[in-house]
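Reading through the structure tokens given below for one structure.
Below, read A as the first sequence line, B as the second, and so on, with proteins coming before strands; counting in each chain starts at 1.
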Protein chains: 2
Amino acid sequence: MSTAEGRLTSDDRREQILAAATVVFGDRGYAGGTTDAIAKQAGISQAYVVRMFGSKENLFLEVSRRATGRLRDAFRGIIAGFTGEEGNLERQVLLGRAYGELVADRGTLLTLLHLFGLGQDPVFGPEARESFLDVYRIVRDEAGFSAEEATQFFARGMLNTILLALRMPDVKDDPRAFELLSSSMGEQCETILASFEAQASVAG
Amino acid sequence: MSTAEGRLTSDDRREQILAAATVVFGDRGYAGGTTDAIAKQAGISQAYVVRMFGSKENLFLEVSRRATGRLRDAFRGIIAGFTGEEGNLERQVLLGRAYGELVADRGTLLTLLHLFGLGQDPVFGPEARESFLDVYRIVRDEAGFSAEEATQFFARGMLNTILLALRMPDVKDDPRAFELLSSSMGEQCETILASFEAQASVAG
DNA sequence: AACAGTAGTAATCAATTGATTACTCATCAG
DNA sequence: CTGATGAGTAATCAATTGATTACTACTGTT
């Protein structure tokens with residue numbers, strides 16, 4: 001999947017590696033994602049991946065921060081567009097849609113989930129907790145949701161995240177699977193699924 | 001943490017390895033959990049871990065099946081005790097409590113979450129989807145919940161799972177963290193937290 | 001006592017992996 | 001043209017890891 005480019009500026013290459021790492025870490029998790037696979041995905045040498053970020057740990061940290069940062073930005077962008085006329089239900093829908101668009105990038109979705117599973121880790125654990133809380137604070141304090149509304153919103157979001165991580169839409173001809181997806185994700189399911197189809201998975 | 005026992009029957013040792021593997025895989029995920037760490041946790045040689053289960057992949061598969069199997073059994077046990085007099089809200093509380101008790105075993109909780117993150121995997125993906133759907137079918141068909149009730153129940157469950165995986169209760173003196181935990185987990189939080197404190201984590 | 005079956009390990013291996021080093025090649029200012 | 005800076009890599013390393021093999025030792029049976 002490497003589009004055989006020539007020399008890039010350091011910054012461009014950096015972005016490219018971060019994108020590649022998001023895909024690979026998403027696919028195989030932190031421990032399972034090798035710097036070699038990331039290098040191949042980006043079309044450069046493994047040595048350069050390590051060199052640019054110092055270490056694999058550092059790289060995953062940056063990938064995680066990208067993902068959580070995008071989430072914060074997306075929510076703040078939506079909230080900035082609030083007119084003050086919507087009900088909180090409509091606001092939930094708007095924010096939910098923003099989340100859906102973000103995690104239509106499967107790498108981002110999975111990287112977030114893997115990060116949440118690293119709560120034990122001395123480095124990633126605190127990072128994960130702080131990022132999660134940051135987003136909660138945004139929804140609670142900036143979007144003006146009550147604790148109950150915010151909790152419900154997050155609960156639905158986490159279920160959707162896991163259903164997508166599971167590739168539940170791949171289960172065909174199962175009425176219960178369809179029902180669960182419809183009930184939890186509604187019409188967003190098709191949109192996100194379509195974008196998944198178009199996405200590169202890790203080669204080998 | 002290995003309680004220096006003598007010879008055990010094959011079956012007893014098997015159980016012990018599965019328990020150790022649940023802790024290790026929970027802590028470090030599938031790729032990150034080494035057969036060596038599992039062996040040390042169980043107090044036996046690495047060779048024997050591999051030998052008893054054929055491969056690490058197989059071992060994780062069995063660990064996953066244990067976890068999802070326990071979940072199914074717990075729910076069915078609760079449902080069998082339904083009198084027919086409860087409202088569905090009370091039933092949600094009863095099932096929620098059962099889930100809480102199950103994932104008070106942190107290894108089980110984390111193993112489930114890691115499994116869900118492996119939806120891409122050709123071996124674990126189908127397993128994960130099928131297990132998840134099984135539980136949904138139980139809640140839907142055997143507990144008699146509507147699609148909406150079941151979805152809400154699962155959403156809350158997934159949020160709780162992630163909050164615990166994140167070790168969110170470790171965040172002290174943060175009103176928003178406390179609020180989120182209270183709102184999502186209610187009084188269960190303390191119970192589960194207490195059991196976490198008592199649990200062995202992976203040594204090194 | 002001798003045998004058989006089973007629990008368990010030490011030693012070892014090939015493969016993988018993150019990291020380092022020394023280098024090549026391109027680009028561009030003067 | 002020249003020299004310097006920065007992009008990028010080949011080669012290599014030490015450590016880790018899952019797996020295999022050949023072996024030891026315990027246990028119960030006849």
Item checked: Qualifying salt bridge (charged side-chain N to carboxylate O under 4.0 Å, His left out) pairs, either residue in residues 70-82 of chain B, two or more places apart -> B/Arg72-B/Asp134, B/Arg76-B/Glu142
Notebook entry, point to check: Is the Lys NZ or Arg CZ of B/Arg140 less than 6.0 Å from the centre of B/Phe145's six-membered ring, within 45° of the axis?
Noted result: no
Next item on the list: Would you tell me if any nitrogen or oxygen in the side chain of A/Ser10 comes within less than 4.0 Å of OP1 or OP2 on D/dA7?
Entry: yes
Notebook entry, point to check: How would nucleotides 14-25 of chain C be written as a contact map, 5' to 3', with B for base contact, S for sugar-phosphate-only contact and - for no contact, using protein heavy atoms under 4.0 Å?
Noted result: ---SBBB-B--B
Next item on the list: Nearest whole angstrom, please: distance from the C1' of C/dG8 to the CD1 of B/Ile44.
Entry: 8 Å
Item checked: Separation of atom CE in B/Met52 from atom P in C/dT9, rounded to whole Å -> 10 Å
Item checked: Whole-Å distance separating the CG atom of B/Asp11 from the P atom of C/dA7 -> 8 Å
Margin query: Using the side chain to side chain contact (heavy atoms under 4.5 Å, CB included) criterion, which residues pair with B/Ala21? Sequence neighbours excluded.
Written below: B/Phe25, B/Ile38, B/Leu59, B/Val63
Check: Nearest-Å distance, CD (A/Gln16) to C1' (D/dA7)?
Finding: 13 Å
Check: Who are the side chain to side chain contact (heavy atoms under 4.5 Å, CB included) partners of B/Ser55, not counting sequence neighbours?
Finding: B/Glu57, B/Asn58
Check: Can you list every pair that meets side-chain hydrogen bond (donor to acceptor under 3.5 Å, both in side chains) and has a residue in residues 147-156 of chain A, with sequence neighbours left out?
Finding: A/Asn88-A/Glu149, A/Ser146-A/Glu149, A/Thr151-B/Ser183
Item checked: ring pair (Phe, Tyr, Trp, His ring centres under 6.0 Å) pairs, two or more places apart, involving residues 102-122 of chain B -> B/Phe116-B/Phe132
Notebook entry, point to check: Atom CG of B/Leu8 and atom P of D/dT27: how far apart are they, to the nearest Å?
Noted result: 11 Å
